[in-house]
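Beneath this line is the structure, given in structure tokens, with notes to follow.
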Amino acid sequence: MQSVPRSSFTTNFLAIAGTQMLGRSIRFVYLIVIARLLSPEEVGVYTYGVALYLAFMGLSQFGQQGVLSSRIGRNRAGVHSLISHSLTVRLVTTGLVTTALLVYVFSTETEPRLLYSITFFVLTLVPRSITLWVRHCYVALEQAAWIPRWEAGFRSAEAAVGTLVLLSGGGLVAICFLHLVFWLIEAIAALVRLSSQSGVSLRLGRRSRYLSVLVRQSIFFMLTLWLIDFFLIIGVVIVRQLQADAALVGYFGIAIQFFSTLVVIIISFGDALLPRLSRVFKAQQSSGLAAVPLLIRLMLVGGVPLAFIADLVAPGFIELLLGQRYSAVSPIFTLLCWSVGSYGVVVIAMQALNSARKPSVAVLVVAFPVLLQLLLMYFWVIDGDPLRAAWSIVISSFAGAAAGVAAMARPLRLTGFGRSMASLALLILGCAVLQAGMIAGVTQIALFLVFYAAVIAITGLVTRKDIERLVTIKATANDAGPGT
């Protein structure tokens with residue numbers, strides 16, 4: 001394999017975050033166009049189809065992104081063999097998951113238009129999974145700078161062509177088919193790039209012993225990485241099962257799409273952090289380990305101003321973008337915003353525990369909020385009520401954050417989180433007081449930001465030394481060295 005030097009952590013993170021943000025932003029705009037040109041019921045089918053195949057995307061990936069990042073992050077020896085066998089695992093699991101989903105769709109959908117639309121989405125799982133596998137290889141090699149350009153190009157092309165098709169009279173089935181076509185084109189192009197520029201031979205690894213070891217190592221990564229995405233998406237699938245009104249499913253699906261756009265930075269940071277944390281834990285570097293508690297504190301209090309501001313501006317913003325008929329999206333979205341910080345804690349806990357070679361604990365941490373959400377959805381969310389479904393996500397994410405902090409307390413020697421929780425409670429109380437007061441608009445936002453900064457400064461929750469430690473995380477000397 002050709003020598004591929006590592007990029008800096010910042011470059012890798014910005015590439016991953018840029019990819020996610022560009023993709024989400026373009027899909028965000030495209031969804032606005034779809035919502036304007038299709039009925040709320042058709043939007044409900046569209047968001048359900050996307051949610052259905054993305055809910056099981058993590059199973060098809062089978063944790064290969066985590067295995068590649070962890071193993072290559074620790075040691076680049078044997079990269080060629082690792083990648084070829086990883087491709088075998090990815091193709092087999094993707095084929096199995098896609099087949100199972102197709103059986104489910106054909107046994108549950110009878111109306112032809114819905115059947116064709118959702119089938120195209122399920123088939124998209126194959127090329128999208130392959131495309132993401134190529135990206136994961138480059139992320140593990142810490143050479144992800146090219147990915148945002150591709151994401152912007154392909155998603156923009158899909159949105160542009162889809163918009164033209166809708167304007168020319170095409171409907172739901174047509175844009176679902178286009179979704180499949182554009183991911184298929186990108187998958188082929190990504191495989192060609194990997195083969196030509198990295199020196200990787202696109203052959204399937206066939207050594208049974210190697211595959212057996214890789215599968216065993218992948219299981220825990222698969223469960224954690226699948227569940228963390230499953231947590232965000234499965235609500236749309238369940239609400240459609242419980243809710244007879246397709247328009248309400250559409251409102252909830254749009255709110256979830258908007259919310260998932262907000263958490264892109266958190267997910268991207270976690271993806272970029274995994275190779276670095278793997279080396280930090282291997283070297284037991286104190287400065288790197290000390291940065292993890294800071295990340296948790298930042299996540300706990302960082303989501304509060306976002307939720308506060310969203311509560312003020314989201315109603316007008318959403319009505320401006322989507323029109324008055326989608327005004328019901330706003331209360332669902334603003335409620336979901338309160339779970340941004342707690343969801344971030346779960347992501348950081350998952351990556352830290354995986355890096356510390358405690359994958360079974362990581363699975364339990366992520367599985368807990370998912371199971372709690374499923375219980376709340378089926379036993380508390382009456383008739384698929386979207387607001388109750390949003391509350392179930394908020395409650396589950398805070399419970400998951402608490403479980404994550406508890407699980408990391410011993411391996412990371414976490415202390416002082418009573419102060420963090422007290423600060424979080426004080427910030428939420430301040431939000432409630434300001435929202436209940438007579439002041440509104442820009443003045444209300446300004447007062448909150450002053451209050452927020454004062455709480456952070458007085459409690460010493462985040463100091464300049466903390467920020468410097470976070471920015472200068474270094475693992476080992478080979479972190480900046482060339483790949484082999």
Side-chain angles (χ1 to χ4, degrees), residues 23-57 59-60 94-95 97-132 151 153-188 229 232-237 239-241 243 246-258 260-261 322 326:
R24 295 281 186 178
S25 298
I26 295 168
R27 286 192 289 270
F28 176 85
V29 174
Y30 187 33
L31 182 61
I32 293 172
V33 174
I34 292 171
R36 289 281 189 175
L37 297 178
L38 296 180
S39 68
E41 291 77 12
E42 289 175 312
V43 173
V45 174
Y46 183 88
T47 55
Y48 166 72
V50 173
L52 178 65
Y53 92 87
L54 289 183
F56 295 93
M57 177 68 73
L59 285 179
S60 72
T94 299
V97 173
T98 303
T99 301
L101 278 178
L102 286 173
V103 171
Y104 170 76
V105 170
F106 276 86
S107 63
T108 57
E109 302 293 341
T110 56
E111 203 276 314
R113 188 181 57 143
L114 299 185
L115 177 63
Y116 294 147
S117 300
I118 297 172
T119 297
F120 287 140
F121 278 127
V122 171
L123 291 175
T124 304
L125 193 149
V126 176
R128 187 164 183 171
S129 181
I130 293 171
T131 301
L132 293 179
E151 179 72 1
F154 280 101
R155 300 294 75 74
S156 296
E158 179 188 347
V161 175
T163 300
L164 290 175
V165 168
L166 288 172
L167 290 173
S168 63
L172 176 65
V173 177
I175 60 173
C176 295
F177 177 71
L178 282 174
H179 187 70
L180 168 62
V181 169
F182 275 96
W183 277 107
L184 181 60
I185 295 171
E186 185 175 359
I188 295 171
D229 291 333
L232 290 179
I233 299 168
I234 191 58
V236 180
V237 178
V239 167
R240 185 173 186 266
Q241 294 175 351
Q243 176 58 251
L248 290 179
V249 178
Y251 300 150
F252 185 74
I254 291 173
I256 289 290
Q257 288 287 328
F258 286 4
S260 60
T261 300
L322 302 177
Y326 288 98

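Residues Phe182 and Ala157 come closest through the heavy atom pair CE2-CB, 3.6 Å. Residues Thr47 and Gly250 share a closest heavy-atom pair of OG1-CA, 4.3 Å. Considering all non-hydrogen atoms of both residues, Tyr48 and Val236 come closest at CA-CG1, 4.1 Å. In terms of heavy-atom proximity, Val173 sits nearest to Ser117 at CG2-OG, 3.4 Å. Between Gly44 and Val249, the shortest heavy-atom contact is O-CG1, 4.2 Å.
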Val50/Gln257 under side chain to side chain contact (heavy atoms under 4.5 Å, CB included): CA gap, chis, key distance, verdict: CA-CA 10 Å; Val50 173; Gln257 288 287 328; 4.1 Å; yes
Verdict with supporting geometry, Ile254 and Val43, side chain to side chain contact (heavy atoms under 4.5 Å, CB included): CA-CA 8 Å; Ile254 291 173; Val43 173; 3.8 Å; yes
Test log, rule side chain to side chain contact (heavy atoms under 4.5 Å, CB included), inputs Glu186 and Glu158: CA-CA 11 Å; Glu186 185 175 359; Glu158 179 188 347; over 6 Å; no
Side chain to side chain contact (heavy atoms under 4.5 Å, CB included) between Tyr46 and Leu38, worked out: CA-CA 10 Å; Tyr46 183 88; Leu38 296 180; 5.7 Å; no
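Within 6.0 Å of CZ on Phe177 lie no more than 12 heavy atoms contributed by other residues, nucleotides or ligands.
Here the CG-CG distance, from Leu232 to Leu54, works out to 10.5 Å after rounding to the nearest 0.5 Å. Rounded to the nearest 0.5 angstrom, Leu31 CG and Ile26 CD1 are separated by 13.5 Å. Once rounded to the nearest 0.5 Å, the distance linking OH of Tyr326 with CZ of Arg36 reads 9.0 Å. Rounded to the nearest 0.5 Å, atoms CG (Leu114) and CD (Glu42) are 9.5 Å apart. In this structure, SG on Cys176 lies 11.5 Å from CG on Leu123, to the nearest 0.5 angstrom. In this structure, His179 NE2 and Thr124 OG1 are separated by 4.5 Å, a value rounded to the nearest 0.5 Å.
The aromatic rings of Phe121 and Tyr53 lie parallel to each other, their planes meeting at an angle below 30°, with 60° marking the opposite boundary.
Salt bridge present: Arg240 and Glu109 bring a charged side-chain N and a carboxylate O closer than 4.0 Å.
Taking 4.5 Å as the limit, some side-chain heavy atom of Val105 sits within range of a side-chain heavy atom of Leu52. Between Val126 and Trp183 the shortest side-chain heavy-atom distance does not fall below 4.5 Å. The shortest distance between side-chain heavy atoms of Thr98 and Ser60 does not fall below 4.5 Å. Inter-residue side-chain proximity for Thr94 and Ile130 is flagged as unmet; no heavy-atom pair is nearer than 4.5 Å. You'll find the side chain of Ser129 reaches within 4.5 Å of the side chain of Met57, heavy atoms only.
Under the side chain to side chain contact (heavy atoms under 4.5 Å, CB included) rule, Ile175 has a single partner from Leu37, Ile34, Val33, which is Ile34.
Distance alone, capped at 3.5 Å, is enough to place a donor-acceptor pair between the Ser107 side chain and the Tyr104 backbone.
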